[in-house]
Amino acid sequence: MAEGFEFNIDGLEELQQDLEKAIKKAPAQAEETLLSIAKDFKNSAKKRADTTLHHKKRKGDDAKKAIKKKWGHKLVGDSVGMAVMVWNSAPHFHLVENGHNLVRGGHTVGFVEGKHIMEKTQNDYKNVVPERFQKMVDDILRENSLE
């Protein structure tokens, strides 16, 4: 017949408290990290647009349509399904991004290739985003003595 044995584990309450603090902090930290990435992404796209495009001086209402001035970002969703949208609201940005037909006198005379500003910036950030979120997780664990 097997004899009974007894054991005690001390410190589980502290671990539980540390885990609960980390879980409560994670959504706010994720939102902050996501917004920071979005701002950096937007600034990178702006810089790429400034160096790639030939800007023209615009006057009057046309000045408001300049690609240079129409960048934005917004956090959407809740703590579980958060996302950030980054955009350029210039009415002709999609033509610059994706390319367009060149029309002269009502006739198509060629095609202007797109600059793919957002696409190239997105490719630059494929490694940056996971690294930044890994750093965020490491920081949360370190702050709560869970490393």
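Using modelled atom types, one side-chain atom of E97 and one backbone atom of M118 make a donor-acceptor pair closer than 3.5 Å. Within the 3.5 Å criterion, the main-chain N or O of A90 finds a donor-acceptor partner in the side chain of N88.
We find the OG1-NZ distance between T121 and K126 to be 12.5 Å, quoted to the nearest 0.5 Å. For the atom pair K70 NZ and W87 CH2, the distance stands at 11.5 Å (nearest 0.5 Å). Atoms CG and CD, on L75 and E31 in that order, are 5.0 Å from each other to the nearest 0.5 Å. Rounding to the nearest 0.5 angstrom, the gap separating the NZ atom in K46 from the CZ atom in R48 is 15.5 Å.
Under the rule for a side chain to side chain donor-acceptor pair (under 3.5 Å), the partners of H116 that lie at least two apart in sequence or sit in another chain are E119.
There is no path of hydrophobic side-chain contacts, each under 4.5 Å, that joins M85 to W71. Residues F93 and L53 fall within the same hydrophobic cluster, defined by Ile, Leu, Val, Met, Phe, Trp and Tyr side chains chained together at heavy-atom separations under 4.5 Å. Both V128 and I117 sit in one connected hydrophobic cluster of ILVMFWY residues. Membership requires side-chain heavy atoms under 4.5 Å apart, directly or through other members.
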Would you tabulate the side-chain donor-acceptor contacts of residues 32-39 under 3.5 Å, counting partners in other chains and residues two or more places apart, or write 'none'?
from : atom 1 : to   : atom 2 : distance (Å)
T33  : OG1    : Q29  : O      : 2.9
S36  : OG     : R132 : NH2    : 2.6

**Message:** Between D139 and K135, does the salt bridge (charged side-chain N to carboxylate O under 4.0 Å, His left out) criterion hold? Intermediate values first, please.
**Reply:** CA-CA 6 Å; D139 289 346; K135 182 184 179 312; 3.0 Å; yes
